[in-house]
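Sequential numbering from 1 along the given sequence is applied to the chain's residues. Any value given below was found using the heavy atoms of this structure, including those in side chains, with hydrogens, waters and symmetry copies removed.
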Amino acid sequence: MKKIILICLATLVITSITSCVGWNKINLSDEPFCKTPIVRAEIQFRIDSAQYVLGWTEPKPYDFQPFVDYLCHCRVLQEPIKYMPLTWVKLYDSDNNEYQLGFSENCTALKREGYTYRISELDARKIKELLTKGRNDD
């Protein structure tokens, strides 16, 4: 009986490891918001108190071109990550299709249409810089 349990446990561990190793990085350039010319964008930031999320700032126009250019050249890892975005960027194409992108506090995670992606630390620093610029532009 102990041998069966050990074999099952070993199989589970091996399956978990191979599934993690088998994940491939994805080019965001293949995403619809990278293939379609974006004509406008809005940015919102989460408003927090010490213990609660109070809401979101009003959407405001955002200088999206440097952000989209950088983001669309990133490679990300699709991964199930649970987090509440700190920043939402809404991109609109010429047909008024909306693409919502939610970023974690340190910008190492991206939510888009129910999918979550891990972003490299180098790319996350640049994305955070571009998003912070959006917060400071008034």
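Side-chain atoms of Leu101 and Leu91, non-hydrogen and from C-beta on, do get closer than 4.5 Å to each other. Counting heavy atoms from C-beta on, the side chains of Arg112 and Val76 never come closer than 4.5 Å.
We find the CG-CZ distance between Asp123 and Arg118 to be 13.5 Å, quoted to the nearest 0.5 Å. The distance from atom CD1 of Ile43 to atom NZ of Lys90, rounded to the nearest 0.5 Å, is 11.5 Å. Separating the OH atom in Tyr117 from the OG1 atom in Thr108 is a distance of 15.5 Å, to the nearest 0.5 Å. For the atom pair OH (Tyr70) and CG (Leu130), the distance works out to 8.5 Å, reported to the nearest 0.5 Å.
By the neighbour-count criterion of 12 heavy atoms within 6.0 Å, atom CD of Gln65 is densely surrounded, having more than that number from other residues, nucleotides or ligands. No more than 12 heavy-atom neighbours from other residues, nucleotides or ligands sit within 6.0 angstrom of CD on Glu58.
Here the side chain of Arg75 pairs no donor or acceptor atom with the backbone of Leu28 at under 3.5 angstrom. In this structure, Arg46 contributes its side chain and Met84 its backbone to a donor-acceptor pair below 3.5 Å. Distance alone, capped at 3.5 Å, is enough to place a donor-acceptor pair between the Gln44 side chain and the Thr57 backbone.
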Item to check | Derivation and outcome, salt bridge (Lys or Arg N to Asp or Glu O under 4.0 Å), residues Lys60 and Glu42 | outcome: CA-CA 5 Å; Lys60 66 179 186 173; Glu42 296 175 339; over 6 Å; no
Next on the checklist: Would Leu131 and Phe67 count as a side-chain contact (heavy atoms from CB on, under 4.5 Å) here? Give the steps.
Outcome noted: CA-CA 8 Å; Leu131 293 176; Phe67 169 76; 3.8 Å; yes
Checklist entry - How far apart are the C-alpha atoms of Trp88 and Trp56, what are their side-chain angles, what is the distance that settles it, and do they pass the side-chain contact (heavy atoms from CB on, under 4.5 Å) test? => result CA-CA 9 Å; Trp88 278 105; Trp56 294 87; 3.1 Å; yes
Checklist entry - Run the side-chain contact (heavy atoms from CB on, under 4.5 Å) check on Tyr62 and Val89 step by step: do they pass? => result CA-CA 8 Å; Tyr62 177 60; Val89 176; 4.3 Å; yes
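Between Phe33 and Tyr92, the gap from one ring centroid to the other reaches at least 6.0 Å.
Under a cutoff of 6.0 Å and an axis angle of 45°, Lys111 and Tyr83 form a cation-pi pair.
A search for side chain to side chain donor-acceptor pair (under 3.5 Å) contacts involving Asn97 returns Asp93, not counting sequence neighbours.
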